[in-house]
Trainee: 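Below are the structure tokens for one structure; questions will follow.
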Amino acid sequence: MPIALIDGNNFYVSCERVFNPKLEGKPVVVLSNNDGVAVSRSLEAKALDVPMAEPWFKFSATAKKHGIVALSSNYALYANMSDRMMAVLSQFSPDQEVYSIDECFLGLDGFDHLDLVEYGREMRRRVRQWVGIPVCVGIAPTKTLAKLANYCAKKNLAGSEGVCDFGRLSGSELSGLLTTIEVEEIWGVGRKLSEQLNARGIKTVEALRTADAKTLRREFSVVMERTMMELNGTPCISMEEVASVKQQIISSRSFGTPVKDIEQLQEAVATYIAIAAEKLRAQGSAAGMVQVYIRTSAFRTDIHSYNGQQTIPLPAASDDTLCLTRAALWGLKRIYKPGYSYSKAGVVLMNLCDADSVQPDMFSAGKDNSRVMAVMDKINNIYGRGTLRTAAAGVGQKQDWRMKREMMSPAYTTKWDQLPTAR
DNA sequence: CTATAACTCTCAA
DNA sequence: CTAACGTTGAGAGTTATAG
């Protein structure tokens, strides 16, 4: 019955601190792709009022004044640290669901004889010592409640000190606690729903938990009804142990600087296709449709805006980078309009199916590149993405579209040559 | 008309 | 110097379209 939710504290910042202890105790933020906005903030940075998703250009001056350290995101490092953390946590239960890069659920059925709070503390100690990352643990009978318990652990409510087990609280203690938490903190309740709930006078978790189920179902949706049941201890969201195959695969990026010419757009699109196709093959799928889009900045009101998008159905589903690239570039040509300053492009692989059971197309007799793809994936897996690539993906001189990462830390865990030398 | 496809909105990390 | 604001995936509900 009990479920634990373990979540890394400001995970990206914590990863950086493991390899650069001088950052300990300092205000630190990690920026999104393209050094766009803050996506991870240390406690100290939060104390200096850097909001989540704050654009870097808006607070870089303040950052300088207060000595806030800003870092470009280093996903290779974070993914590797995540793997280590998940491996350690998997020792605590045979029943693990990796929910995101920095958090996982552990099913604790059959562990009831243990002191779960002490068990949670052991998780924290071990992850901290073996991986270097601080985590908090929430324990409760449902996923939604476990998330909430984790929130309490993070906020150090109910004397939790990093571990909060709702099972330890009496009914009235829990009610009291939930009365102090706003609905916005509930998993599945975002900005929009909070507004609507507040407008109906439902402001706290306790208020939602004890609302009228029928009315809630009528005025909102099944999702809200499920959330309410979960808050009352009835599990509606089950553990998903094996990662399911994706239904669509997206690869998109904002450009380092705006792009006008089609040559650069072609390079970017071909590069994104290569990334998406690699993921596609990794899960053994083939794509039945390719979508490509280009757009001008959503924030600029001073220049002409344009969103172009084209979906290309393939005669036969494919997992071949060459085939998918051809389709995407064909689509790009149709939507490209000269004169605009494009700030972003992306591709979507959709209508995915099992690669082994693709219905062949009787008109385009099979040019099979599967062995080439296998070699390409193998080489790129060892030497890094893009080591072996199609010519379409980049031989150009001008690469304005490449993303900006001006404050990146070294790849401490994945590149020998970037290890700091011991002196 | 119904069944499905396509699209929009919301949420999450 | 100026301008500069993330990515990926899922699911529910609504609207459009085909038959």
Trainee: List the protein contact pattern of nucleotides 7-19 of chain C with one symbol per nucleotide (5' to 3'): B for base contact, S for sugar-phosphate-only contact, - for none; contact means a heavy-atom distance under 4.0 Å.
Mentor: SSSSSSS------

Trainee: For A/I186, which contact category applies under a 4.0 Å heavy-atom criterion: base, sugar-phosphate, or nothing?
Mentor: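 Result for A/I186 = sugar-phosphate.
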
Trainee: How many Å lie between CG on A/D302 and C1' on C/dT2, as a whole number?
Mentor: 12 Å

Trainee: Which nucleotide in the list B/dT10, B/dA12, C/dC5 gets nearest to the side chain of A/L193?
Mentor: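 The answer is B/dT10.
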
Trainee: As a test of reading the structure: which of B/dC11, B/dA13, C/dC5 is closest to the side chain of A/Y99, going by heavy atoms?
Mentor: B/dA13

Trainee: Just checking A/D35: base, sugar-phosphate only, or nothing, at a heavy-atom cut-off of under 4.0 Å?
Mentor: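 No contact at all - A/D35 keeps every heavy atom at 4.0 Å or more from the nucleic acid.
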
Trainee: Considering every strand and a 4.0 Å limit on heavy-atom distances, what is the contact class for A/K58: base, sugar-phosphate, or nothing?
Mentor: base

Trainee: Going by atom types alone, do A/T179 and A/E206 pair a side-chain donor with an acceptor below 3.5 Å?
Mentor: no

Trainee: Using atom CD1 of A/I237 as one end and atom C1' of B/dC11 as the other, report the distance to the nearest whole Å.
Mentor: 12 Å

Trainee: Salt bridge check: are A/K26 and A/E16 linked by an N-O gap of less than 4.0 Å?
Mentor: no

Trainee: Looking at A/E97 and A/K143, is any side-chain nitrogen of the basic one under 4.0 Å from a carboxylate oxygen of the acidic one?
Mentor: yes

Trainee: Can you confirm whether A/T321 sits close enough to A/M376 that some side-chain heavy atom of one is under 4.5 Å from a side-chain heavy atom of the other?
Mentor: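 A/T321 reaches A/M376 side chain to side chain.
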
Trainee: If you measure from the C1' atom in B/dA12 to the same atom in C/dG6, how many Å do you get, rounded?
Mentor: 14 Å

Trainee: In whole Å, I'd like the distance from the CD atom of A/E184 to the P atom of B/dT10.
Mentor: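 In whole Å, B/dT10 P and A/E184 CD are 14 Å from each other.
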
Trainee: Salt bridge or not between A/K203 and A/E182? Use side-chain N to carboxylate O under 4.0 Å.
Mentor: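 So A/K203 does not pair with A/E182 through a salt bridge.
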
Trainee: Quickly work out the A/L31 CG to B/dA13 P distance and round it to whole Å.
Mentor: 20 Å

Trainee: Checking A/S40 side chain against A/V29 main chain: does a donor-acceptor pair fall under 3.5 Å?
Mentor: no

Trainee: To the nearest Å, give me how far apart CH2 (A/W187) and C1' (B/dA13) are.
Mentor: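 These atoms are roughly 11 Å apart.
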
Trainee: Using purine N1 to pyrimidine N3 plus N6-O4 or O6-N4 for Watson-Crick, or N1-O2 and O6-N3 for G-U wobble, both under 3.5 Å, which nucleotide pairs with C/dT2?
Mentor: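 For C/dT2, the partner nucleotide comes out as none, under the 3.5 Å rule.
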
Trainee: Starting at atom CZ of A/F57, determine the distance to atom P of C/dG6, rounded to an integer number of angstrom.
Mentor: 9 Å

Trainee: Is the shortest distance from a Lys or Arg side-chain nitrogen in A/E161 or A/R121 to a carboxylate oxygen in the other one below 4.0 Å?
Mentor: no

Trainee: What integer distance in Å separates A/I312:CD1 from B/dA6:P?
Mentor: 14 Å

Trainee: Please state whether the phosphate of B/dT8, meaning OP1 or OP2, lies under 4.0 angstrom from any side-chain nitrogen or oxygen of A/K192.
Mentor: no

Trainee: Write down the distance between CG (A/N150) and C1' (B/dA13), rounded to a whole number of angstrom.
Mentor: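 It is 13 Å, rounded to the nearest whole Å.
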
Trainee: With both distances under 3.5 angstrom, what nucleotide forms a Watson-Crick or G-U wobble pair with B/dA5?
Mentor: C/dT15

